[in-house]
Amino acid sequence: MKVILAEKPSVGREIAKVFGATTKREGYIEGKGYTFTWAFGHLLQLAAPQEYGYYGWNVQNLPMLPPKFKLSLRKVKTKDGLVDDPGAKKQLDIIKTLFDEATEIIVATDAGREGELIFRYIYYYLKCKKPFKRLWISSQTDAAIKDGFRNLKPGTDYDTLFNSAHCRSQSDWLVGMNATQALSLSSGTRSVLSLGRVQTPTLAMICARYLENKNFVPETFYQVAIQPDKDGQLFRAISDKSFKTREEAQAVLEKVEPTGLVLSVDAKPRKEPPPLLHDLSSLQQEANKRKGFTADQALSLLQNLYESKLVTYPRTGSRYIGDDVFAEVPNLIAKFNNHETFGKQANLLTGVKLNKRSVNAKKVTDHHAILPTGEMPNHLTPDLQAIYDMVAGRMLEAFNQDCIKEITKIVIQSGAKYVASGTVIKTAGWRAVFNDKDEEKKDEENPTLPKVQQGENLPIVNKALLEKQTKPKPLYNEASLLKALETAGKEIDDEELRQAMKDSGLGTPATRAAMIETLLKRNYIVREKKNLVPTVTGLAVYDVVKNQQIAQAELTGNWEKRLEEIRSGASVSEFQDEIKAYTSTITKDLLQAGKAIVIPKLNR
DNA sequence: GCAAGGTC
């Protein structure tokens with residue numbers, strides 16, 4: 001009997017369905033000579049320090065460098081502390097029984113580093129010796145699954161991928177556990193001051209932005225505005241220069257003449273392509289902006305929709321789909337033809353050529369972008385409905401036509417030069433789906449500008465001196481933080497470039513929401529309205545570690561580079577030795593530095 | 001009491 005092990009039940013069931021296996025058992029499905037079972041993500045993890053004999057939190061133990069790492073069952077928190085996760089235990093027992101009976105194992109965990117680790121940890125923990133082959137697919141359509149089974153790879157092809165995964169896991173343990181204990185112990189506060197490769201750079205970003213914002217000294221500057229009149233239609237134009245002093249601006253204001261000469265009129269159409277389909281992060285950002293949901297809330301609502309089979313797999317980092325999934329999109333759109341809010345747009349997309357911006361098989365990683373499944377929901381709670389509509393609406397946007405705008409710029413001479421700019425949407429295209437206002441800066445803009453000709457003289461009916469102030473970068477909120485994490489704090493607005501940066505981002509789509517919650521739980525940050533603001537504890541920790549490598553996003557980038565080299569065959573022990581050396585150094589540093597930490601009893 | 005990774 002061959003046993004197929006998937007990363008999660010949904011995939012196990014999907015594969016079983018393709019094979020036509022229908023006999024449902026507890027924790028697996030049988031049929032056609034195969035058994036289909038699954039994990040629930042990581043069932044096993046690196047064992048806690050006490051399992052290597054490092055009891056309590058003790059400076060004597062530091063740095064903790066276990067000669068050989070052990071695996072232990074996933075834990076859950078209860079009132080009695082951490083205990084084995086009963087669900088994980090039960091499923092692992094089922095997998096053990098099936099592996100014992102198996103002639104061959106087919107590894108169908110997600111096609112990526114962590115998917116490989118999920119399987120190998122199980123395999124080695126159970127001391128299994130059965131031969132295994134690897135299924136490597138990036139979408140779960142029938143065709144992709146069948147094709148994948150015709151092209152099963154030898155299990156050993158992925159040994160180096162496992163090595164890189166195992167290194168990632170061990171390195172995070174070594175640095176995180178040791179740094180956390182070192183700082184907590186030396187601070188003498190008896191509280192947990194956690195540090196880690198992902199959480200500490202994230203905390204640093206929040207603190208740095210907060211301090212930058214708080215210490216920002218606004219500068220006042222002045223502009224002059226005029227209001228020309230074109231056949232009764234007034235519009236506003238602003239001086240093309242800004243002035244440091246009121247006097248300079250006042251002089252310009254006084255030179256405004258009774259009429260203004262139109263020097264140039266520049267009207268050009270601009271195509272605005274539809275947004276890409278949602279991945280988890282972009283959906284969390286939108287949910288935060290539109291509804292004020294936290295990253296954690298958005299994820300759990302989405303998980304609920306996924307378990308109700310209403311949307312595809314949510315923890316994806318890809319905003320693209322492959323051609324196989326695209327082939328199903330017209331049918332999917334047609335399901336919304338009679339939909340109350342989306343019906344009109346769905347009908348408009350029927351039978352027309354769809355925009356293929358979100359179609360690119362090469363950019364589909366472990367999972368494709370989030371789509372509705374085509375299963376129609378009824379009686380969703382308002383929150384679930386809101387998230388569902390964001391997924392369904394985004395599908396209608398993503399395959400829609402470009403939005404065509406006309407951007408007009410009028411330059412007028414009246415003493416000095418003045419500029420009026422306006423944007424008019426000529427063809428709404430994808431923007432018709434939600435009928436949203438353009439988020440781009442619109443404060444200076446006129447919604448519509450009258451038709452004027454170059455060389456025309458227009459009466460100036462009003463003029464004014466404007467006093468303005470420069471503004472600091474805003475504090476992070478969950479949406480802007482999630483966006484910043486994807487590119488490790490570097491600000492990149494170009495959507496395509498951002499996609500390319502994802503491999504060196506901080507954390508993964510699946511873990512970011514939990515990481516923000518960790519920072520809140522540690523009392524490092526608090527939510528103030530929508531903003532994420534550091535506490536005095538957070539700032540004190542930041543102050544101690546800000547110049548350490550562990551607080552730099554680049555640490556992840558450096559590790560990723562090394563891990564990728566390991567995946568292509570480079571030495572494992574060399575990297576491990578470096579990590580151990582770094583662990584010793586940072587532990588020693590923090591045992592000293594932590595003494596300087598000052599955390600008042602009364603926290604903000 | 002602690003990391004980051006995955007998932008129900």
Query raised in the report: When we call it a touch if two heavy atoms are under 4.0 Å apart, what does A:S171 touch: a base, just sugar-phosphate, or nothing?
Result: nothing
Query raised in the report: Do the ring planes of A:Y123 and A:F99 sit parallel (below 30°), tilted (30 to 60°) or perpendicular (above 60°)?
Result: perpendicular
Report task. Look at the side chain of A:R168 and decide which nucleotide, out of B:dA4, B:dT7, B:dG1, has an atom nearest to it. Result -> B:dA4
Query raised in the report: Please walk me through it: do A:R197 and A:R168 pass side chain to side chain contact (heavy atoms under 4.5 Å, CB included)?
Result: CA-CA 11 Å; A:R197 170 179 59 86; A:R168 197 280 306 147; 3.8 Å; yes
Report task. Specify the residue among A:A39 and A:M515 whose closest nucleotide of DNA chain B lies further upstream toward the 5′ end. Result -> A:M515
Report task. Classify the nucleic acid contact of A:P49 as base, sugar-phosphate or nothing, counting any heavy atom under 4.0 Å across all strands shown. Result -> base
Report summary line: Separation of B:dA4 atom C1' from A:K521 atom NZ, nearest Å, is 13 Å
Query raised in the report: Given B:dA4, B:dC2, B:dC8, which nucleotide is nearest the side-chain atoms of A:Q181?
Result: B:dC2
Query raised in the report: What is the distance from CZ of A:R512 to P of B:dG5, rounded to the nearest Å?
Result: 9 Å
Query raised in the report: What's the CG-C1' distance between A:D172 and B:dA3, to the nearest Å?
Result: 6 Å
Query - First of A:E7 and A:L82 reached from the 5' end of DNA chain B, by closest nucleotide - result: A:L82
Query raised in the report: Would you say A:R315 reaches B:dC8's phosphate, i.e. side-chain N/O to OP1/OP2 under 4.0 Å?
Result: yes
Query raised in the report: Would you say A:Q303 reaches B:dT7's phosphate, i.e. side-chain N/O to OP1/OP2 under 4.0 Å?
Result: no
Requested in this report: Mind checking A:K77 for me? I need base, sugar-phosphate or nothing, with any heavy atom below 4.0 Å counting as a touch.
Outcome: sugar-phosphate
Requested in this report: Inspect the surroundings of CD in A:E26 and state if more than 12 heavy atoms from other residues, nucleotides or ligands are less than 6.0 Å away.
Outcome: no
Report task. Would you kindly check if the NZ (Lys) or CZ (Arg) of A:R190 is within the cone defined by 45 degrees around the ring axis of A:W57 and under 6.0 Å from the six-membered ring centre? Result -> no
Query raised in the report: If you check every side-chain atom of A:H42, which of B:dG5, B:dG1, B:dT7 has the closest atom?
Result: B:dG5
**Report entry** Whole-Å gap separating P (B:dG5) and CZ (A:F69)
**Finding:** 16 Å
Requested in this report: Would you tell me if any nitrogen or oxygen in the side chain of A:R522 comes within less than 4.0 Å of OP1 or OP2 on B:dA3?
Outcome: yes
Requested in this report: Look at A:R562 together with A:E574 and state whether they make a salt bridge at an N to O cut-off of under 4.0 Å.
Outcome: yes
Query raised in the report: Looking at A:E517 and A:R527, does any basic side-chain N land under 4.0 Å from a carboxylate oxygen?
Result: yes
Requested in this report: Report yes if at least one side-chain N or O of A:K75 is closer than 4.0 Å to OP1 or OP2 of B:dG1; otherwise report no.
Outcome: no
Requested in this report: Just call it for A:E116: base, sugar-phosphate, or nothing, with non-hydrogen atoms closer than 4.0 Å on any strand.
Outcome: nothing
Report summary line: Per atom distances to the A:L46 side chain, the nearest of B:dC8, B:dA3, B:dG5 is B:dA3
Query - Under-4.0 Å side-chain N/O to phosphate OP1/OP2 contact, A:Q199 with B:dA4 - result: yes
**Report entry** Touch class at under 4.0 angstrom, heavy-atom based, for A:N178 against every strand present
**Finding:** nothing
Query raised in the report: Under the 5.5 Å and 30° test, is A:W57 stacked on the base of B:dG1?
Result: yes
Query raised in the report: Base, sugar-phosphate, or nothing for A:E114, non-hydrogen atoms under 4.0 angstrom?
Result: sugar-phosphate
Query raised in the report: Taking the side chain of A:V198 as its heavy atoms from C-beta onward, which of B:dA3, B:dG5, B:dC2 lies nearest to it?
Result: B:dG5
Query raised in the report: Where does the angle between the aromatic ring planes of A:H166 and A:F162 fall among parallel (under 30°), tilted (30 to 60°) and perpendicular (over 60°)?
Result: parallel
**Report entry** Spacing of A:L183 atom CG relative to B:dA3 atom C1', expressed in whole Å
**Finding:** 14 Å
Requested in this report: Look at all strands and tell whether A:T511 reaches a base, only sugar-phosphate, or nothing, counting heavy atoms closer than 4.0 Å.
Outcome: base
Requested in this report: Please determine if a side-chain N or O atom of A:S194 lies less than 4.0 Å away from the OP1 or OP2 oxygen of B:dA3.
Outcome: yes
Requested in this report: Find the distance A:L193:CG to B:dA3:P and express it as a whole number of Å.
Outcome: 11 Å
Report summary line: Separation of B:dA4 atom C1' from A:L485 atom CG, nearest Å, is 14 Å
Requested in this report: Using whole Å, report how far OH of A:Y306 lies from C1' of B:dC8.
Outcome: 10 Å
